[in-house]
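Here the structure is a predicted model, which is why all the values come from computation and not from measurement. In what follows, every chain begins at residue 1, and chains take the letters A, B, ... in the order their sequences are listed. Scope of the values below: all heavy atoms of this structure, side chains included, with no hydrogens, waters or symmetry mates.
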Amino acid sequence: MTDKQRNFIQRIVDEDNLSEKFDKRVHTRFPPEPNGYLHIGHAKAICLNFNIANEFGGQCNLRFDDTNPISEEIEYVNAIQDDVSWLGYSWDDRLCFASDYFEKMHKYANQLIEQGDAYVCDLSSEEIRQSKGSLTKEGKNSPYRERSVEENLKLFSQMTSGAFKDGERILRAKIDMSHPNLNMRDPVMYRIIHANHHRTKDAWCVYPTYDWAHGLEDSIENITHSLCSIEFEDHRPLYDWYLDKLDIYHPQQIEFARLNLDYTVMSKRKLKKLVDDKYVSGWDDPRMPTISGMRRRGYTARAIRDFMNEVGVAKRDNIMELAKLEYHLRQDLNKICERRMAVLNPLKVVITNYPKNSSEMLEAINNPEDSSAGVRDISFSGELYIEQNDFMEDPPKKFFRLAPGREVRLRYAYFITCNEVIKDDKGNPIELHCTYDRKTKGGNAPDGRKVKATLHWVNAQDSINATVNSYDRLFSDPSPDSAKDFLTVMNTNSLEVLSKCMLEKSLSEFGPGETVQFERLGYFCPDLSTSQEKPVFNRTVTLRDSWSKFAKGK
RNA sequence: UGGGGUGUCGUCUAAUGGUAGGACACCAGGUUUUGGUCCUGGCAGUCGGGGUUCGACUCCCUGCGCCCCAGCCA
């Protein structure tokens with residue numbers, strides 16, 4: 001399956017290597033604009049670009065496409081580097097900035113002017129829109145289209161030196177106002193923006209547009225294969241036009257379909273809205289599809305990379321199921337996470353025949369999938385907590401956990417039998433009185449009798465009180481983008497804060513970034529805000545749970 | 001509407017003129033001191049209509065659906 005199933009981009013590179021189109025060189029780049037945090041959609045582009053380079057022994061640059069000072073910030077530049085590194089990729093010394101090429105780009109612009117391929121236009125943005133035509137109507141030539149080279153050179157120089165206000169003039173390529181591809185109707189190359197750039201400060205007041213800048217960036221960096229998302233497909237003729245007119249090194253732009261995930265939004269604009277309007281706690285809120293959010297949630301870089309390897313690369317629109325991402329997450333976590341016991345919604349259990357005021361230590365396996373993780377001791381006594389939903393007074397047929405008169409196993413401990421249910425005024429069980437079978441220590445009965453359930457538990461005497469953030473998807477609609485207003489389909493229960501959780505004592509040794517399995521519940525990791533005094537855990541993902549599926553269905 | 005792109009199981013993705021395969025999801029069973037993991041089996045697809053061919057997801061014609069473009073955003 002892996003050998004033959006090469007995606008269409010790998011095949012193009014194969015062919016280019018065969019024909020020596022780029023002298024068998026492979027050099028890609030990941031070119032984010034620093035105007036927001038990276039999300040899982042970017043991860044696809046990151047993995048694609050770095051993996052292609054690695055596969056062919058080439059290199060991949062990290063390049064900030066910082067051509068618009070208005071929306072870009074240094075905070076984003078730093079966050080993006082953190083995220084790419086965390087994902088496991090290295091750009092070595094190839095940290096690039098489009099802004100480093102402003103001088104060169106400007107010279108190239110002058111060259112186009114001299115060749116008669118660009119001109120300064122005085123039309124306002126509204127007038128340009130008017131004269132651009134429409135999908136079906138041809139555009140009209142600008143009255144400034146036939147200015148002399150000398151005048152264009154002079155005006156462009158004045159634009160650059162700050163003689164004009166924002167929007168007063170632009171530099172346009174002179175192509176064809178009747179072109180069926182709207183991108184070719186004399187597109188804008190430079191606009192005037194009097195704003196402080198996070199790197200070049202006030203050195204410039206003209207900034208290159210994406211179409212003009214991007215091919216130059218690729219060319220300057222000697223990129224071979226310029227991979228971008230599908231909406232740039234009809235920008236490719238323009239990408240090619242600029243490089244051909246300039247007659248400089250010409251990389252190949254190749255477009256692929258971006259990643260979409262169900263139950264989430266992926267546009268930076270929408271994610272920024274969630275952050276700015278406080279629907280979430282920040283770009284790294286564990287419910288966000290951002291790399292930083294997923295990291296905080298307890299995702300591993302490997303899970304994301306594995307997912308990307310399986311997602312495939314093609315050109316058709318797609319919406320991946322969250323379930324597939326979670327499959328790879330669990331797959332990875334299952335192998336590497338240590339197991340601990342924790343009770344989220346405690347129900348007290350008193351072992352009536354356990355010796356008073358005593359306790360003992362029992363041995364528990366840290367990770368059944370990895371014997372090198374070893375074992376640990378856990379304490380047991382006559383007062384314990386189990387999970388509220390592990391007990392039912394009047395259980396349905398297929399419920400085989402604890403119930404009056406029924407015997408179950410406490411993991412790594414003893415068999416216990418429930419004898420009495422203490423209830424509050426409203427009839428809710430608040431305490432169970434059970435007896436234990438001393439001969440079942442460790443969890444096996446010498447007489448060979450079986451129990452149908454094994455419950456997790458903690459010792460009431462030394463367990464730690466903690467808060468657990470239980471996260472669910474941010475949206476209730478599988479396709480929030482198709483709603484008129486994505487904010488109206490938000491899941492109002494995406495965060496449940498459980499503050500009465502009781503954790504096995506050794507859980508105090510875990511810190512942020514260390515995801516652990518709470519047996520029978522799921523994977524959890526300490527939040528950035530955790531402390532010894534007030535431990536806070538995030539639920540990364542639940543375990544697969546065929547019982548809850550059954551319970552819900554009935 | 002002009003241009004560009006794209007239609008294969010529920011969701012992704014292979015097969016490039018020669019048995020429509022894989023993964024996830026779902027269903028059933030086995031193992032199990034996690035109703036987890038693991039193992040086994042099952043369900044399920046070529047957008048429609050013509051044509052070429054011994055043979056079509058693949059080539060041709062035609063129709064239809066979906067996505068992108070009218071920022072001085074990227």
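Taking a pair as Watson-Crick or G-U with both hydrogen-bonding distances under 3.5 Å, the stems of three or more pairs touching RNA chain B are B:2-7 with B:64-69, B:10-13 with B:21-24, B:26-30 with B:38-42, B:47-51 with B:59-63.
The residue Val313(A) sits close only to the backbone: its heavy atoms come under 4.0 Å of sugar-phosphate atoms, none of a base. Ile365(A) comes within 4.0 angstrom of no nucleic acid atom, judged by non-hydrogen atoms across all strands. Within the nucleic acid shown, Arg185(A) has no heavy atom closer than 4.0 Å to any nucleic acid atom. Among the atoms of the strands shown, base atoms are found under 4.0 Å from some heavy atom of Lys398(A). Using a 4.0 Å heavy-atom criterion, one finds that Ala314(A) contacts the sugar-phosphate atoms exclusively. No contact: Phe415(A) has no heavy atom under 4.0 Å from any strand.
Taking atom P on both C26(B) and U62(B), the two are 44 Å apart, rounded to the nearest angstrom. If you take atom C1' in C66(B) and the same atom in A23(B), they sit 25 Å apart, rounded to whole Å. Only the P atoms considered, A56(B) is 14 Å distant from G17(B), to the nearest whole Å. U46(B) and U16(B) have their C1' atoms separated by 14 Å, given to the nearest Å. The separation of G2(B) from G45(B), taken at their P atoms, amounts to 36 Å, rounded to a whole angstrom. Between U53(B) and C60(B), the two P atoms lie 16 Å apart (nearest whole Å). For A14(B) and C9(B), the C1' atoms lie 13 Å apart once the distance is rounded to whole Å. Comparing U6(B) with C59(B), their P atoms are spaced 12 Å from each other, to the whole Å.
Residue Glu233(A) contributes atom CD, which lies 11 Å from atom P of G4(B) at whole-angstrom precision. Taking atom CZ of residue Phe400(A) and atom C1' of nucleotide U34(B), one finds them 12 Å apart after rounding to whole Å. Taking atom CZ on Arg406(A) and atom P on G35(B), their separation rounds to 14 Å, with Å as the unit. Look at CD on Glu369(A): it is 16 Å from P on U32(B), rounded to the nearest Å. Rounded to an integer number of Å, the gap from CD of Glu519(A) to C1' of U37(B) is 12 Å. Residue Arg520(A) contributes atom CZ, which lies 18 Å from atom P of U32(B) at whole-angstrom precision. Summarising the geometry, the separation between CH2 on Trp457(A) and C1' on U34(B) is reported as 14 Å, rounded to the nearest angstrom. Distance CG (Asp545(A)) to C1' (U37(B)): 14 Å, rounded to an integer number of Å.
Rounding to the nearest 0.5 Å gives a distance of 10.5 Å between OH of Tyr144(A) and CG of Leu155(A). To the nearest 0.5 Å, the span separating CD on Glu33(A) from CD1 on Ile80(A) amounts to 9.0 Å. Rounded to the nearest 0.5 Å, atoms CZ (Arg449(A)) and CG (Asp437(A)) are 4.5 Å apart.
Take the nearest nucleotide of RNA chain B for Ile319(A) and for Arg401(A): the residue whose nucleotide is more 5' is Ile319(A). Annotation: of the two residues near RNA chain B, Phe8(A) and Gly443(A), the 5′-most nearest-nucleotide partner is Phe8(A).
The aromatic rings of His106(A) and Trp204(A) sit tilted relative to each other, their planes meeting at an angle between 30° and 60°. Taking the six-membered ring where the residue is Trp, Trp212(A) and Tyr242(A) present perpendicular rings, their angle passing 60° and hence far from 30°. Between Trp283(A) and Tyr76(A), the two ring planes are perpendicular [angle over 60°; tilted spans 30° to 60°].
Between the side chain of Asn345(A) and the main chain of Gln388(A), no donor-acceptor pair closer than 3.5 Å is present. In this structure, the side chain of Tyr207(A) engages the main chain of Ala195(A) through a donor-acceptor pair within 3.5 Å. Of the possible donor and acceptor atoms, none in the side chain of Arg258(A) sits under 3.5 Å from a partner among the backbone N and O of Phe256(A).
The shortest distance between the side-chain N/O atoms of Gln331(A) and the OP1/OP2 oxygens of C38(B) is below 4.0 Å. Between Arg316(A) and U13(B) there is a side-chain polar atom (N or O) within less than 4.0 angstrom of OP1 or OP2.
Out of G36(B), G2(B), A14(B), the shortest distance to the side chain of Ser546(A) is found at G36(B).
Aromatic ring centres of Tyr239(A) and His235(A): separated by at least 6.0 Å.
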Exercise for review: Please assess Tyr414(A) against Tyr436(A) for the test ring pair (Phe, Tyr, Trp, His ring centres under 6.0 Å), listing each intermediate value before the final yes or no.
Suggested key: CA-CA 6 Å; Tyr414(A) 296 95; Tyr436(A) 84 122; 4.7 Å; yes
Review point. Can you give one letter per nucleotide of nucleotides 65-74 of chain B, going 5' to 3': B for a protein heavy atom under 4.0 Å from the base, S for sugar-phosphate only, - for none?
Key: --SBBBSBSB
Point to revise | Under 4.0 Å protein heavy-atom contacts per nucleotide of nucleotides 24-30 of chain B, with B for base, S for backbone only and - for none | key: BSS----
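G71(B) shows a glycosidic angle within 90° of 0 and is accordingly assigned syn.
With contacts defined as side-chain heavy-atom distances shorter than 4.5 Å, the pair Phe307(A)/Lys44(A) does not qualify. The closest side-chain heavy-atom distance from Met294(A) to Leu325(A) is below 4.5 Å. Inter-residue side-chain proximity for Glu233(A) and Arg236(A) is flagged as met; some heavy-atom pair is nearer than 4.5 Å.
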